[in-house]
Each structure stands twice: as structure tokens, then as C-alpha cells.
Amino acid sequence: MSQPRPLTRSLNDRVVAGVLAGIARRFGWNPTWVRVGYIVVSVLSAAFPGLLVYLVLWLVMPEGD
């Protein structure tokens, strides 16, 4: 059985810091849909919690290869 990919920020497919592309790569999802979903959830939650979560993930997630 293969090991799952680690959760790391993307260096190649980044718009801001590569956090959402890294999440998409980890789970095998399309990065565009992850970004769209993130924006929708952030707007519906008054944007502040979404921005805070993104900043925390930016600081916590290591850069990938």
C-alpha cells in the first residue's frame, strides 16, 4: 500500500502561498475547485476566519518540492 502524500505548500502551482494547491495535491483534487470552494466558504463566513486560517496554514505548512 502506498504512503499518502504529505501536506506541503506547492511551489509550482501557487497563487499566493501555495496553501490551497498543496491541499488539493494532498487529496488528489483540482486546485481550481479548492480555491473556488475556499472563496465561497470565506465569503459566507464574513471572510475573516478564512483569512486567518489561510495565514495560519501558510505559517505551519512546510514548502513542498
Side-chain angles (χ1 to χ4, degrees):
M1 191 165 165
S2 66
Q3 294 289 334
R5 290 183 173 185
L7 185 59
T8 59
R9 290 186 287 134
S10 175
L11 293 175
N12 301 326
D13 189 18
R14 60 173 49 181
V15 173
V16 176
V19 171
L20 298 176
I23 292 171
R25 183 180 54 205
R26 166 66 172 86
F27 293 105
W29 300 336
N30 184 336
T32 302
W33 288 113
V34 173
R35 291 178 183 122
V36 168
Y38 171 78
I39 291 169
V40 169
V41 169
S42 290
V43 168
L44 293 176
S45 67
F48 178 72
L51 292 174
L52 186 62
V53 168
Y54 192 89
L55 291 173
V56 168
L57 288 174
W58 188 351
L59 294 172
V60 172
M61 287 175 64
E63 287 187 341
D65 43 305

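Being a predicted model, the structure only gives us computed values, none of them experimental. Every heavy atom of this structure was used, including side-chain atoms; hydrogens, water molecules and symmetry mates were not.
For Leu57, the side-chain contact (heavy atoms from CB on, under 4.5 Å) partners are Val19, Ile23, Val53, Met61, not counting sequence neighbours.
When all heavy atoms of Asp13 and Arg35 are compared, the closest pair comes out as O-NH2, 2.8 Å.
Panel note: side chain Arg14, backbone Ser10; a donor-acceptor pair is recorded below 3.5 Å. Judged purely by atom type and a 3.5 angstrom limit, Tyr38 uses its side chain to pair as donor or acceptor with the backbone of Gly50.
Val56 and Val41 are not part of a single hydrophobic cluster, where members link through side-chain heavy atoms under 4.5 Å apart. A continuous path of ILVMFWY side-chain contacts below 4.5 Å connects Leu7 to Trp58, so both sit in one hydrophobic cluster. Note on Leu55 and Leu59: separate hydrophobic clusters, where clusters join Ile, Leu, Val, Met, Phe, Trp and Tyr whose side-chain heavy atoms are under 4.5 Å apart, directly or indirectly. Leu52 and Val60 are not part of a single hydrophobic cluster, where members link through side-chain heavy atoms under 4.5 Å apart.
When side chains are defined from C-beta on, Phe27 does not count as touching Val34, because their heavy atoms never get closer than 4.5 Å.
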